[in-house]
Structures are given as C-alpha cells and as structure tokens.
Amino acid sequence: MSSYEPTRIEARWQEFWQREGTFRAVIDPSRPKYYVLDMFPYPSGDGLHVGHPEGYTATDIIARWKRMQGFNVLHPMGWDAFGLNTEQYAVRTGQHPAITTQQNCTTFRRQISALGLSYDWEREFSTTDPEYVRWTQWIFLQLYKKGLAYTSEAPVNWCPAQGTVLANEEVKDGRYVETGDPVEKRKLRQWMLRITAYAERLIADLDELDWPEGIKTMQREWIGRSEGAEVVFTVAGQPLEFTVFTTRPDTLFGATYCVLAPEHPLVERITTPAQQAEVGAYVRAAQSRSDVDRADVTREKTGVFTGACAVNPVDGRELPIWVADYVLGGYGSGAIMAVPGHDQRDWEFARAFQLPIAEVVSGGDIRQAAYTDNEDGVLVNSGLLDGLKVPEAKRRIIAWLEERGCGKGVVNYKLRDWLFSRQRYWGEPFPLLQSADGTVRAVREEDLPVQLPVLDNFKPTADGRPPLARAEDWCRVTDPDTGEVLFRETNTMPQWAGSCWYYLRFCDPRNAEQAWSPEAEAYWMPVDLYVGGQEHAVLHLLYARFWHKVLYDMGLVHTKEPFQKLFNQGMILAESYRDPRGKYLKRAEVERSGKDWIVKATSEPVESQIEKMSKSRLNVVNPDEMVGQFGADALRLYEMFMGPLDRDKPWSEEGIRGCANFLRRVWNLYVDQEDALTARIQDQAPDAVALSLLHRTIRAVSQELAEMKFNTAIARLMEFLNEAVKQDVLPRELARTYLLLLAPFAPHLAEELWNRMGHPTSLAYEAWPSWDEAHCRQSTLQVAVQVNGKVRATLEVDAVLEDEAVLQLALSHEKVQPWLAGKSLKFRKRVAPGVVSIAVG
RNA sequence: GCCGAAGUGGCGGAAUGGUAGACGCGGCAGACUCAAAAUCUGUUGAGGGCAACCUCGUGGGGGUUCAAGUCCCCCCUUCGGUACCA
C-alpha cells in the first residue's frame, strides 16, 4: 500500500494546481518578471509524440525554478491552429476545419496537461479564435497603412500539389520544404510584405541577442547582405542602358562580356534579328525549366549571344551581351558584368564559349582558374587602379563612377519581400475590399474580424480561384455609406501570420479593446527565454522579428527584439526497422537475433536505424503510453536526462525505466511500508559530512540549471540519493531541502512528499535553497600525484593542509618514490586542490 | 563547394588545460525466493599479472605543455544549414 504510484499522485497534484490557480500569472510591479515561452504547437490530428515534451519540460523546469527564486513567471501555452493539414483533412472528409481544430486542440491540451506543466491555462488561445484573428488582421492593416503591404504581379513559387503559392523561405531546391512537392514559377497577383525594408536592422540587431551563433549565422546568410556597386552600361548603338550589380567593381577593367538573365526585360529589345530565333528558344527553354532542374548546380553552363554589345563605362570598350540562366532574374538587377579572370562562374562560362579571359588582379594564374582573392591581390591593366590593392581599388572606382554618374556604391540583399497570400481556406482572411475600379481599401477596424465564410467544399474553384471565391455572398459587400458594391480579397494569410505575434497576445490574452495593453506589454516583454526547434531558424523567427520591429516603430512595443534568449532543443530520434524491400516495420513486428534484427513472422533480416520519429517510419513513441506506464515525472526526468538539451538523442525505453526507478527510490527514502514517513527521517542536526553533501548538491544543481544542463543536474540529484540511502538517518532539514531541489524536475512527486512531510501548501513558491561555500568543503581531500603527467598515487589529505606539506607527502609517497629514483626533479607544484604535478628528467 | 555542430566503454552520455568514463542503461556475481519477476548489495574500458601493480585507451596523424578528450595545424567520418546571390 505504500509503493510509488505515479498515476495517482500526478492526478492529485494536477488537480490541486488547477483548483488553487497555482500558476496563474498576474502583473506585480513589486516583483521581477520572467517570461518563458515554448514555440506553440500546430495541433495535428496525430497528437503529441515524445519530441514535444522535451522543450516543454525544459521550459517548465526553468519556470518552476524561477518562481522559487522569486520571479513572477509568465509561462503560457496555446495553439497555432491554422494550416494545411487541417484543411486537407477537410477536403478529404468534408469535416469543417473549425471542428477538426477544436478536437485536435482538446487532444493536445489533454496530453500536455498530463505532463504536469506549470502553464497558466487561463491564457490559452488558438490563432483561429475570432478574437485573435481580429487582432492579426488589425496588425496586418497597420502594415498595410504603413505601405509595407502591397500587391505584386511578379513570378511566384506555385506549388501545384498544394494548390497555393509559397514564400521564398518555404522553397528549397525547387521543392516545398514541408512536403517535398515540386514548385514552379507562375505569374500571379499576390500580396507581399516589405520585409526588405527591415533587412539592415534584422541583421544589425542580431548582435544584441542571446541566441545560438548558428541561428544568427543562418539568419544573416538568409538576409545575405553584400556591399558592392551598381554600374550602368549603355547598349552600343542604341539609346538603351542597363544596370549591373557587382561586389567587385575593382575588376571593371577585366569585364570581357555581359550577361542578362533570361527574364531580363531588355533581352527582347536588344537581340539582333540574326540572333532572334536562337535567343527566343533559349529564353523559352529557361522559362519552362523547372525550379528543381534549375537548382542543380552541377549543370554545365548554357547561354546564347544576343548579337548586341554593351559599352564599358571605364574604357569605352564594347562587350558582347549574352543571355544565360546562371544569372538570376531575381537578384541584383538581373544583369552582370562578367569578369572571367576573377569570378569562377564567369570563368567557366568563358571557357565554354571561348570568350576572352583578362587578368586585372595579379597573384593567381587565370589560365587555371579564376583568381578571386580580394585582400592581397594587386590591380593591373586597369588604368587609374593599377598598383592598388583590391579594397582600395574598390573605393577608388566607386568614387570615379559616382563622379561621372554612371554608377554608385550600394548594398544588396538576398532577402526578398515576403509573399504573404495563400490560395487556401483555413487561414486569416485579408481585411481588404476591392471596388469595381480595382482600388483597394481596408475594412474598418470596428468591422474586424473578417470571419471565414462557412463552406462545405474547400477546394479551389473550377477556374482556379481560391476556395473563398466559392462563397459568393461573402465576397460581395455593400458599402453602408455609399451603397457601392465591393469585393473581398479571397486569398488568406499564411500560417506564419498567427505565430508572428502570439507572444504579445499572451501578455494580455483576454483584452477585448486592444491586441494587448501597453501596461501588460511593458511589464512582461521581452520573452526572456524562448525554446523550440531549429526548423524555425529562418522562417518563423525572421517573420516574427520583422513584425515586432514594425510594431516597435509604431510605439506599440518597447523592445526592438521580441526574444532575448533563444534555445533550440534537439530532436528525439528513435530506432526504426526496414525489411530488405525497404518497407518499415513496427517494433512489435521484429525481434533480436544475436546482434541483428529479424521479422518475427518470417525470420527475414531487418535493417535497423536511428531516425527522426515519424508516422511513416512507424517509430513514433506516444507520451500518453509513457505517462501511463511510468508516470509524467519519469517521462519528464528521462527527457532531460537523455543528454544535453540542444543535441539530437535516441529514445530508449530502458532509459525511462531507469528514471522511473530513481523516482521510486526517492519515494522509498521518504515513505515506508505503512505509508508513513520513514523512520530514518529524524529531527536531528545534520553532521558536517551530510551538510557538505547537501550544499554541494545545491551548488551543482543551481549552477547547472542556470546553464540549462539538466542532464548533469539530475545526475547530482541521483548522487545525493545514492549517498542518502546508505545512511541510517536522514536529517529532516536534508529531506526537506532535497525535495525543493527535486521539485522543478519531478514536481508531482516533490509536492506529494512535501505534503507528507507536513506542509499543507504547494512548494511552488518556496524559496530555492542557497548554498554556503563553507559547508561545501570537505574535511579530507583526494590528491592525485602526477609524475610526468601520469597519475602514480592518490593520497587522502586533510583539506586545510598547506600546499608545501602536500607536496612533501607526495614526494615521499612510496608509490611515487620509484618514479623519482635516479632522476632529477624539474618541476613540482600543486596545480589544483586535488592534483600535484611532478616532472623529472 | 561553402558555413556550422559533432566523433569518448556494449549503449545514452560526464569531464574551469589537472585522477578520462560522473550519472544512468545493459552485463556479470551475490542476497531474498520453492522458483521466477521485482527489489537490494557488489562489480563492470581493453590487455597483461596470483597479487601489489603495469601497459594501452577519447575518429586518424603531427604539434604546444610538467600535464591535452579539452589548445594549435593537417586529414577522415557523420549530421544539420546553404548553394550559379555576381
């Protein structure tokens, strides 16, 4: 009757916390705040897998620890519930996405609640709630009114399989990053957000953030700032000109031809009649080439001559103008000056088409490869630049170009504007109306939110318009003042919209008048710790930072950046099994045969591998089962004990069993067979040895929590237990303090034992124990004696013994003596409290 | 190709330049049991030795140092990111 029963204990305390409102967060200016946030999940129909609780447990431990340190903690959870999966489910089954969403949120809430996470559930919301959509639309209108939202007719990423366009960030190697579906270019009128206007600040402000360097680097590279120059070339014999962007204006004298991207508007106009057919064919071929194909870098360079020439502004020389698809239409000005001597791509192209290669920077051998050094190379054959090093030559030529009005220094970015519209149903409608003459106007703020029309068919229309176009009544609006007939925008916002500001709504989630109150924002923001997966390194984090900066410029938020500290948890991997035909098998279908795995039914050999958990690989571990079998505390503990939070780690059922075992041993330390406190817990002052153990444990756990090294912190708690069970007596003071140390990690068990020790209230706000260095010291000390770097003896000495005395003991030690015999002493020093180093020669 | 991160027992992983392998899993031995499971105790890097001990050992090769898993140089492998961005 006294054994550890996690299920019972956990239900009891979860109910207690909810009833008591233990984790409700209320603004309190007298206390410092701490805002700890998880990247909120998309509630899919599959429910949670054990990867989700990893980050959630980490933030929960920090939240609980910070509360015990006196911080007023904001720790909310909600749902990023718009999105494709729910919509596709609706297309398949006809069930309305709102219903699916509600069901999925309920499942997620139940699963997450079972983990005993200390969220303030009163702040929960879904991005699909009309009240939230209202303010998402409101923020969009602020961007629109600032001129940051506009429509564009440019070629966009169209994904036929998804039936929608995608943002640049969602496409990689010509495929949709989520599904791998191929993407093609299509010209469509789309809503864009002018994120490029913030490119400079999005790079610069990264410096102040406590983020992993890798993520900062990825963002910097995505934004892709590069300094260079724009140079204007005129077309020989025609009143036409075009601009090229180059980062190496110093090599202008080395340009031997120019290249226009196939999409460049000038291509058609400058091509000579003789070249018309060839160029036309090339351009058409380039247009029909899929993005997947074009992304292949190993392809041989291709191109055609237009028959026209450009005039190099520095020396008046005529350069042939080519069209080639290695020049991208979307970057810079879609045209380049080619300097094959000093650019590897141009070099390859020149080789392929027998174009001249000129040397203008000495130091390399341009017959072998382009010489691209831009620090030490010295300019040659370059008129006024001769003899200069590259950086100085760049400055000189830019000044020269600017004086003559045929060029200027510029900064260019890879980042493009954010394609913000989707041809989907399950997203936020744009709060925009269009009149018959095509002018666009914003929906009045008091008319927000623009709610989605109720549909029973979520597919695009037969003529290819978005699903919302099916709702003809909804689309048509009459202006109450003028009686004018207006049409609603039928695109919806991408899923990123909702996650761009949810962290702000969490500060004040029930505010009906404003998206958030200035008081709440001023108190809670910024997010002090943000934990989530690395997959959002560019997408979500870049978009959210962009919106935040717009809001900052409007005076609606007081910090330049939303997320002060970012931590990326690793992935939880799991073993999967595949038969020789590549078909995945469930764990239950295979068994071990010696070192190998075989199919139980057929004894066929099976390949096993450690992979990302996914439904298709049949290796998903369900947290509900783990909680049912071992308890939430064991699941939490194991997820943290597996290894460093930021690393990928393979799941092991034996591992969680070990953690459950630890918790049971803790239980048995406190509770006896008769369900009473064990007799070893006594009101007696701890001796020096016990105090030292306790204080060293407090110190280690505190320091490791601060560094989010949860795995080693847990190891310290285990060590304490291993010592404690060896003793006949556990002084009450130690028993009490140990529970406080355990509480952030295994809160249910800690609360239960705390309660059984006679405390009627929760330990959630008990002060975190502090340590005393004086108590940490131990009376004796192990000292290793190294001779020439190898440990030859270990002595136990009094901790207060002087270095010199320890050295003498070491030198005269019987195991050390033989290593010194016949050698001369070169060096001897107590290099650390526990190490004496002796060198002989 | 470029940019990151990583490579340590049978496994997950510990180690401010200072006793490599903490802690856990697994294994082995013992206790309890009619027996098993569970639990408890001990033990567990490899090789050698009766033993005290000795030798080797952190992907590979060099180097710095009294001392290197840790710092420096070169190389290999794995995993992420990125890719004709001028």
Side-chain angles (χ1 to χ4, degrees), chain A residues 3 172-173 212-218 220-222 224-226 228 244-248 251 259 261 294-299 301 324-328 330-339 342-346 348-349 412-416 534-535 537-538 568 570-571 573 595 637-638 641-644 646-659 661-662 664-665 668 700 709 711-719 721-722 725-726 782-794 814-815 825-841:
Chain A
S3 59
K172 195 205 154 193
D173 294 338
E213 272 313 311
I215 301 294
K216 289 194 197 181
T217 304
M218 282 165 69
R220 283 193 196 101
E221 286 177 355
W222 187 265
R225 183 181 197 278
S226 63
V244 306
F245 173 71
T246 175
T247 56
R248 293 293 304 274
T251 62
V259 185
R294 196 164 167 171
D296 179 13
V297 193
T298 58
R299 241 172 67 228
K301 296 234 174 340
D325 67 2
Y326 83 92
V327 172
L328 307 174
Y331 181 75
S333 53
I336 63 156
M337 64 175 204
V339 185
H342 306 285
D343 180 286
Q344 191 57 28
R345 294 153 304 184
D346 297 342
E348 285 163 17
F349 190 81
N412 214 337
Y413 300 92
K414 276 200 280 186
L415 183 71
R416 323 280 170 78
Q534 219 180 346
E535 65 273 22
V538 176
N568 293 118
M571 238 185 311
L573 311 171
K595 279 205 95 155
L637 204 67
Y638 176 56
F641 186 62
M642 289 170 86
D646 56 358
R647 286 242 278 269
D648 292 349
K649 301 162 288 268
W651 180 265
S652 141
E653 189 145 328
E654 280 69 42
I656 187 173
R657 198 164 279 135
C659 286
N661 191 33
F662 163 71
R664 192 179 39 68
R665 292 175 67 216
N668 289 337
K709 288 161 74 173
N711 54 330
T712 52
I714 292 166
R716 298 297 154 248
L717 293 171
M718 290 174 168
E719 283 177 48
L721 177 73
N722 291 343
V725 296
K726 286 181 193 156
Q782 301 259 311
V783 178
V785 184
Q786 297 178 342
V787 181
N788 289 349
K790 287 196 199 301
V791 177
R792 297 303 180 184
T794 308
E814 54 168 359
K815 285 181 187 165
L825 196 61
K826 290 201 307 195
F827 173 93
R828 34 154 244 169
K829 191 179 178 194
R830 190 178 190 185
V831 292
V835 182
V836 164
S837 184
I838 298 167
V840 293

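We use all heavy atoms of the structure for the numbers below, so side chains are in, but hydrogens, waters and symmetry mates are not.
Atom P of rC71(B) sits at a distance of 10 Å from the matching atom of rA6(B), rounded to the whole Å. Taking atom C1' in both rG59(B) and rA5(B), one finds a spacing of 16 Å when rounded to whole Å. Look at the C1' atom in both rG45(B) and rA38(B): the space between them is 30 Å, to the nearest Å. rG17(B) and rG24(B) have their P atoms separated by 26 Å, with the value rounded to a whole Å.
In this structure, M571(A) places its CE atom 14 Å from C1' of rU78(B), rounding to the nearest Å. Rounding to whole angstrom units, CD of residue Q344(A) and P of rA86(B) are separated by 15 Å. Atom NZ in K790(A) sits about 14 Å away from atom C1' in rG18(B), given to the nearest Å. Whole-Å rounding puts the E213(A) CD to rA5(B) P distance at 9 Å. Summarising the geometry, the separation between CZ on F641(A) and P on rA22(B) is reported as 11 Å, rounded to the nearest angstrom. To the nearest angstrom, P of rC79(B) lies 19 Å from CG of D646(A). The CZ-C1' distance, from R248(A) to rA86(B), rounds to 11 Å in whole Å.
At least one cation-pi condition fails for K301(A) and F349(A): the charged atom is not both under 6.0 angstrom from the six-membered ring centre and inside a 45 degree cone around its axis.
Residue N412(A) is out of contact with every strand shown, counting any heavy-atom pair closer than 4.0 Å. Residue D346(A) is out of contact with every strand shown, counting any heavy-atom pair closer than 4.0 Å. At the heavy-atom level, Q782(A) lies under 4.0 Å from base atoms of the strands shown. Counting non-hydrogen atoms under 4.0 angstrom, R220(A) reaches nothing in the nucleic acid. In this structure, R416(A) reaches the bases: a heavy-atom distance under 4.0 Å links it to at least one base atom across the strands shown. Residue K826(A) is out of contact with every strand shown, counting any heavy-atom pair closer than 4.0 Å. Here K216(A) lies out of heavy-atom contact (under 4.0 Å) with every strand. Contact annotation for V327(A): base contact, defined as any heavy-atom pair under 4.0 Å involving a base atom. If you check every strand for non-hydrogen atoms under 4.0 Å, K815(A) touches sugar and phosphate atoms only. Counting non-hydrogen atoms under 4.0 angstrom, R657(A) reaches nothing in the nucleic acid. Using a 4.0 Å heavy-atom criterion, one finds that G224(A) contacts no nucleic acid atom at all. A715(A) comes within contact range of at least one nucleobase, with a heavy-atom separation under 4.0 Å. Contact annotation for S837(A): base contact, defined as any heavy-atom pair under 4.0 Å involving a base atom.
RNA chain B is contacted by both Y638(A) and V783(A); Y638(A) maps to the nucleotide lying nearer its 5′ end (nearest heavy atom per residue). Judged by closest nucleotide on RNA chain B, K649(A) is the one of K649(A) and R665(A) placed further toward the 5' end.
Interatomic distance, CZ of F245(A) versus CD1 of I336(A), reported as 12.0 Å (0.5 Å rounding). Between D346(A) atom CG and R248(A) atom CZ the span is 11.5 Å, to the nearest 0.5 Å. Distance CZ/R225(A) to CG/N412(A): 10.5 Å, rounded to 0.5 Å. From F662(A), atom CZ reaches atom CD1 of I714(A) across 8.0 Å, with rounding to the nearest 0.5 Å.
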Verdict with reasoning, M718(A) to F641(A), per side chain to side chain contact (heavy atoms under 4.5 Å, CB included): CA-CA 11 Å; M718(A) 290 174 168; F641(A) 186 62; 3.9 Å; yes
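Contact of the R792(A) side chain with the V785(A) side chain is not registered, since no non-hydrogen atoms from C-beta on lie closer than 4.5 Å.
For E654(A) against rG26(B), no side-chain N or O and base N or O form a donor-acceptor pair under 3.5 Å. For a distance-only test at 3.5 Å, the side chain of K301(A) qualifies as a donor-acceptor partner of the base of rC84(B).
In this structure, of rC3(B), rA86(B), rG24(B), it is rG24(B) that holds the atom nearest to the side chain of N722(A). When distances are taken from the side chain of E719(A) to each of rA83(B), rA15(B), rC23(B), the shortest belongs to rC23(B). When each of rA22(B), rA86(B), rU39(B) is scored by its nearest atom to the side-chain atoms of N661(A), the top-ranked nucleotide is rU39(B). The T794(A) side chain lies nearest to rU19(B) when the options are rU19(B), rU39(B), rU82(B). Of the candidate nucleotides rU19(B), rC66(B), rA22(B), rU19(B) has the atom lying nearest to any side-chain atom of V835(A).
In this structure, Y326(A) forms no aromatic stack with the base of rC84(B), since the conditions of centre separation below 5.5 Å and plane angle below 30° are not both met.
Regarding the sugar-base torsion, rG9(B) falls in the syn class, its angle being within 90° of 0.
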